[in-house]
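Only one structure is covered here, and it is reproduced in the block below.
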Amino acid sequence: MAPRPRTAQSLESRRSRGTQSYRCRVCRGIHPLRKCKRFRKLSAEKRLRAVLINKYCSNCLAHQHSEGTCRSQDGCKKCGGSHHTLLHMHEERAPERTPQPTASPSRPLRKPVQPTRSHPRHSARSASRSSSPIRVAIERPRPEVSAPSTAVATLVRQKTVHILPTAIVVVDTGSCTFETAAMIDPCMAVSSIDRSLAAAFRLPFTSLGDDEVCSATLRSRTGNFKLEVVLKLDPSLKIRTPIRALSDSTRAKFGDIRLADEQFHRPATISLVLGADVFAKLIQPGFLKLEDGLPVAQSTVFGWTVSGAVLES
């Protein structure tokens, strides 16, 4: 039976499908992602964002797998983790060299004196009996500073309530949007999200060495701010702030500014933390200190965050 002739339309359709399958989603060129010049010039963190946002395989950088799972056994050539080498973010540091003492050409190098492990009480006695001309320095005991009593510490805690800076953000997963409270903390190196919250938002995640990460788009509720973030999954990220409700009079002090979290004075559990990796993109010029005993306000892309200690009677 003679084979059926292929029409020009079917050949063009197959050619276009092949072209689209190898079209780079970063620069729109016709090549695999690992050969993309624009992709290779990015930092490891931005490469990871590009992989997660464009839904590439983090292990082999393939655009898709016919069976849904990656069969590549190569892994990272730097750490052996289950991710591509171009996504390796933990660079090994060379061991620091201890500077060696150099002898001065004009003065002879003296032999170092080995310290003794004698008790401080016997230092003066051993020095008087020794015939060596080396002087022994006697350390006088420093006065001990007593820690505050338990009653004082309890009293301070009862009158002071600490507030952490929070903001209500919009999490865009690509198909749905959710509003949730997030804490802005520059002391956390990498932005993180609780695993249960990421599962509730149905955020796709991938393994990166020993960690698991996911990608999402953060938006402001009022402005046009948009930021692509990579979030590290934390099995138990639950931060309570404040520990107890503040008075309505404290909340009324900040009624003249657009707050990032209107309910900052009510206790809530935070499961999303925006860390130092995005902190500079969130903070705006503007700092407000009203009076002693009240928290301060900082301007951000989400509005004004309120944080600090509140002294209430």
Side-chain angles (χ1 to χ4, degrees), residues 3-93 171-177 189-193 198 201-219 224-233 274-278 280-281:
R4 295 181 180 179
R6 298 179 179 178
T7 63
Q9 184 177 2
S10 63
L11 291 175
E12 183 64 26
S13 176
R14 293 185 61 183
R15 187 180 295 110
S16 62
R17 286 199 301 269
T19 302
Q20 290 297 329
S21 63
Y22 285 100
R23 184 173 293 279
C24 177
R25 299 169 186 171
V26 175
C27 70
R28 307 305 298 170
I30 310 298
H31 51 250
L33 180 64
R34 64 181 181 275
K35 295 184 179 180
C36 177
K37 294 181 180 180
R38 180 181 298 179
F39 176 75
R40 297 178 73 93
K41 289 181 180 179
L42 298 175
S43 62
E45 181 183 1
K46 292 184 178 180
R47 290 176 194 164
L48 177 60
R49 292 182 183 180
V51 167
L52 293 175
I53 293 170
N54 295 287
K55 299 181 179 180
Y56 281 97
C57 174
S58 62
N59 189 39
C60 66
L61 301 185
H63 63 285
Q64 64 182 6
H65 293 294
S66 57
E67 298 183 359
T69 57
C70 181
R71 293 185 176 183
S72 176
Q73 302 294 330
D74 294 338
C76 179
K77 296 180 181 179
K78 294 184 178 181
C79 67
S82 57
H83 58 267
H84 198 274
T85 308
L86 292 175
L87 302 181
H88 181 82
M89 291 195 295
H90 302 285
E91 298 293 340
E92 296 182 356
R93 296 182 179 179
V171 180
D172 190 349
T173 64
S175 58
C176 300
T177 57
V190 181
S191 299
S192 304
I193 187 173
F201 291 168
R202 296 182 179 179
L203 295 175
F205 63 90
T206 185
S207 298
L208 188 63
D210 297 333
D211 300 326
E212 290 180 326
V213 295
C214 62
S215 177
T217 303
L218 297 184
R219 300 180 184 272
N224 297 324
F225 175 78
K226 182 176 83 169
L227 178 66
E228 304 286 346
V229 294
V230 174
L231 303 171
K232 177 183 176 182
L233 268 64
L274 304 178
D277 51 339
V278 297
K281 299 178 181 179

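Worth knowing before you read on, the calculation uses all heavy atoms, side chains too, and leaves out hydrogens, waters and symmetry mates.
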Working to the nearest 0.5 angstrom, can you tell me the gap between [X] [atom1] and [Y] [atom2]?
X    : Y    : atom1 : atom2 : answer
I193 : F205 : CD1   : CZ    : 12.0 Å
K78  : H83  : NZ    : NE2   : 9.0 Å
R38  : R47  : CZ    : CZ    : 14.5 Å
E228 : D172 : CD    : CG    : 8.5 Å

To check you understand the geometry: which heavy-atom pair defines the closest contact between [X] and [Y], and what is its length?
X    : Y    : value
A216 : L203 : CB-CD2, 4.0 Å
C24  : H31  : CB-NE2, 3.5 Å
L233 : C214 : CD1-SG, 3.5 Å

Look at the side chain of [X] and the backbone N and O of [Y], then say whether any donor-acceptor pair between them is shorter than 3.5 Å.
X    : Y    : answer
S191 : G275 : yes
R219 : K226 : no
R23  : G29  : no

State, yes or no, whether a side-chain contact exists between [X] and [Y] at a heavy-atom distance under 4.5 Å.
X    : Y    : answer
L48  : V213 : yes
F39  : L86  : yes
R202 : T173 : no
N59  : T206 : no
V51  : L33  : yes

K281 meets the side chain to side chain contact (heavy atoms under 4.5 Å, CB included) criterion, sequence neighbours left out, with R49, L227
Return the set of residues passing side chain to side chain contact (heavy atoms under 4.5 Å, CB included) with P32 (not counting sequence neighbours), or none when no residue passes.
R34, K35
Please name the residue in the list V229, V278, L231 that meets the side-chain contact (heavy atoms from CB on, under 4.5 Å) test with L218.
V229
Show the numbers, then the answer: is there a side chain to side chain contact (heavy atoms under 4.5 Å, CB included) between S58 and L87?
CA-CA 8 Å; S58 62; L87 302 181; 4.0 Å; yes
Worked check of side chain to side chain contact (heavy atoms under 4.5 Å, CB included) between D211 and V190:
CA-CA 12 Å; D211 300 326; V190 181; over 6 Å; no
Centre of Y56's six-membered ring, under 6.0 Å away, within 45 degrees of the axis: is that where NZ or CZ of R25 sits?
yes
